[in-house]
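Single-structure report; data block below.
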Amino acid sequence: MVRKLYDQDRKTILVINCNQYLKDRDEYIEKNKITHNGFQMRVRDKLGLSSSSIRRIQDIGTYCKTGIYPGKEPKKDATLIEIMKCLGIFLKDDEYKYLDEYSKKIENMTIDQKLNLIEQLIEEIMLLENREIYIKKIQSKLKW
């Protein structure tokens, strides 16, 4: 399940481009002959991040490999977006390098694919503890 992140600045939905991030990270590690921990320390030091950012960088790597965020996933989308922006700046001098606009994928879908996506999103909402709020929002949108 891909987590969709809402970017307040761009007013758009983003997804993490995990494959590209892992590829670029692993190339950097191999090229510089360092460990994953060494990579995290370099990112922290170059960008002046806090020590807690090291753990988040490690967690992003695990998420990108397994699709599951280890431990407690950040509740705020902005937290994940900021970490990915930092990694983009560090590796490729492009803060949105590893953040793709979700809508671009939607534009190229057929109607059946879009309906399937809606079903998947509703299934995700039904798993949330506060699903009643979202169900009411969906119901209000369906009253044309």
Side-chain angles (χ1 to χ4, degrees), residues 1-139 141:
M1 182 177 345
V2 175
R3 177 165 174 182
K4 291 126 199 115
L5 308 168
Y6 183 70
D7 186 343
Q8 296 280 350
D9 297 336
R10 290 188 169 189
K11 306 285 188 238
T12 189
I13 297 174
L14 303 172
V15 291
I16 297 172
N17 184 337
C18 286
N19 293 334
Q20 188 63 52
Y21 165 66
L22 290 174
K23 178 181 175 282
D24 292 347
R25 180 200 67 182
D26 292 346
E27 285 175 2
Y28 181 90
I29 287 171
E30 187 177 318
K31 177 183 170 187
N32 291 281
K33 298 178 180 15
I34 57 174
T35 63
H36 285 89
N37 192 44
F39 169 75
Q40 295 158 15
M41 300 291 257
R42 284 189 184 187
V43 173
R44 181 199 66 186
D45 293 345
K46 182 175 180 186
L47 299 176
L49 303 175
S50 66
S51 295
S52 64
S53 296
I54 291 175
R55 179 66 182 180
R56 292 209 171 125
I57 294 167
Q58 181 181 4
D59 290 348
I60 288 289
T62 302
Y63 170 77
C64 283
K65 279 186 176 179
T66 65
I68 299 168
Y69 199 88
K72 190 171 182 175
E73 186 172 359
K75 290 182 182 178
K76 295 182 179 178
D77 292 348
T79 303
L80 289 172
I81 290 171
E82 271 312 304
I83 293 295
M84 293 314 298
K85 283 181 175 182
C86 288
L87 292 167
I89 290 169
F90 180 80
L91 289 168
K92 297 295 180 180
D93 201 29
D94 176 0
E95 65 181 6
Y96 282 91
K97 176 68 178 176
Y98 307 115
L99 293 165
D100 293 337
E101 284 191 39
Y102 188 67
S103 60
K104 285 183 181 176
K105 295 179 182 180
I106 294 172
E107 289 172 4
N108 297 324
M109 290 180 170
T110 65
I111 294 297
D112 287 336
Q113 290 171 325
K114 289 177 183 179
L115 288 171
N116 187 32
L117 176 61
I118 291 169
E119 288 174 16
Q120 290 173 13
L121 294 172
I122 290 172
E123 286 173 12
E124 285 182 32
I125 289 170
M126 296 307 288
L127 297 174
L128 299 173
E129 289 179 28
N130 55 346
R131 65 181 161 264
E132 291 79 22
I133 297 168
Y134 300 105
I135 291 170
K136 287 178 183 176
K137 285 184 179 181
I138 292 170
Q139 288 172 335
K141 296 290 182 188

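The basis for the numbers below is simple: all heavy atoms, side chains too, and nothing from hydrogens, waters or symmetry mates. Along the sequence shown, residues are numbered consecutively beginning with 1.
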Please name the pair of heavy atoms, one in [X] and one in [Y], separated by the smallest distance, quoted to 0.1 Å.
X	Y	answer
Ile16	Met84	CG2-CE, 3.7 Å
Asp9	Asp7	N-OD1, 3.0 Å
Cys64	Tyr21	SG-CD2, 4.1 Å
Lys97	Gln20	CE-CG, 4.2 Å
Leu22	Gly61	CD2-O, 4.0 Å

Separation of [Y] [atom2] from [X] [atom1] (nearest 0.5 Å):
X	Y	atom1	atom2	answer
Ser51	Met41	OG	CE	7.5 Å
Asp26	His36	CG	NE2	5.0 Å
Thr62	Tyr69	OG1	OH	9.0 Å
Ile138	Ile122	CD1	CD1	5.0 Å
Arg42	Asn32	CZ	CG	4.5 Å
Ile60	Leu80	CD1	CG	5.0 Å

Can you check whether [X] reaches [Y] side chain to side chain, under 4.5 Å on heavy atoms?
X	Y	answer
Tyr28	Ile34	yes
Leu87	Phe39	yes
Ile13	Glu101	no
Lys85	Tyr98	no
Ile135	Gln139	yes

Before you tell me yes or no, could you show the steps for Lys4 and Val15 under side-chain contact (heavy atoms from CB on, under 4.5 Å), namely the whole-Å CA-CA distance, both residues' side-chain angles and the distance that decides it to 0.1 Å? CA-CA 5 Å; Lys4 291 126 199 115; Val15 291; 4.2 Å; yes

Strictly distance-based, threshold 3.5 Å: is any side-chain N or O of Asp100 a donor or acceptor partner for the main-chain N or O of Asn17?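 Not a single qualifying donor-acceptor pair exists.
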
Report yes or no: does Lys46 contribute a side-chain atom to a donor-acceptor pair with the main-chain N or O of Val43 at less than 3.5 Å?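 A pair under 3.5 Å: no.
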
With Arg10 as the cation and Tyr96 as the aromatic partner, state whether NZ or CZ is under 6.0 Å from the six-membered ring centre and within 45° of the axis.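 Checked: cation-pi criterion met.
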
Decide side-chain contact (heavy atoms from CB on, under 4.5 Å) for Arg56 and Thr79; before the verdict, give the C-alpha distance in whole Å, the side-chain angles of both, and the deciding distance to 0.1 Å. CA-CA 9 Å; Arg56 292 209 171 125; Thr79 303; 3.4 Å; yes

If you count every heavy atom of other residues, nucleotides or ligands that lies below 6.0 Å from Lys72 atom NZ, does the total exceed 12?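 Open.
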
Near Glu132 CD, under 6.0 Å, is it more than 12 heavy atoms from other residues, nucleotides or ligands?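 Atom CD in Glu132 is crowded, with more than 12 foreign heavy atoms closer than 6.0 Å.
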
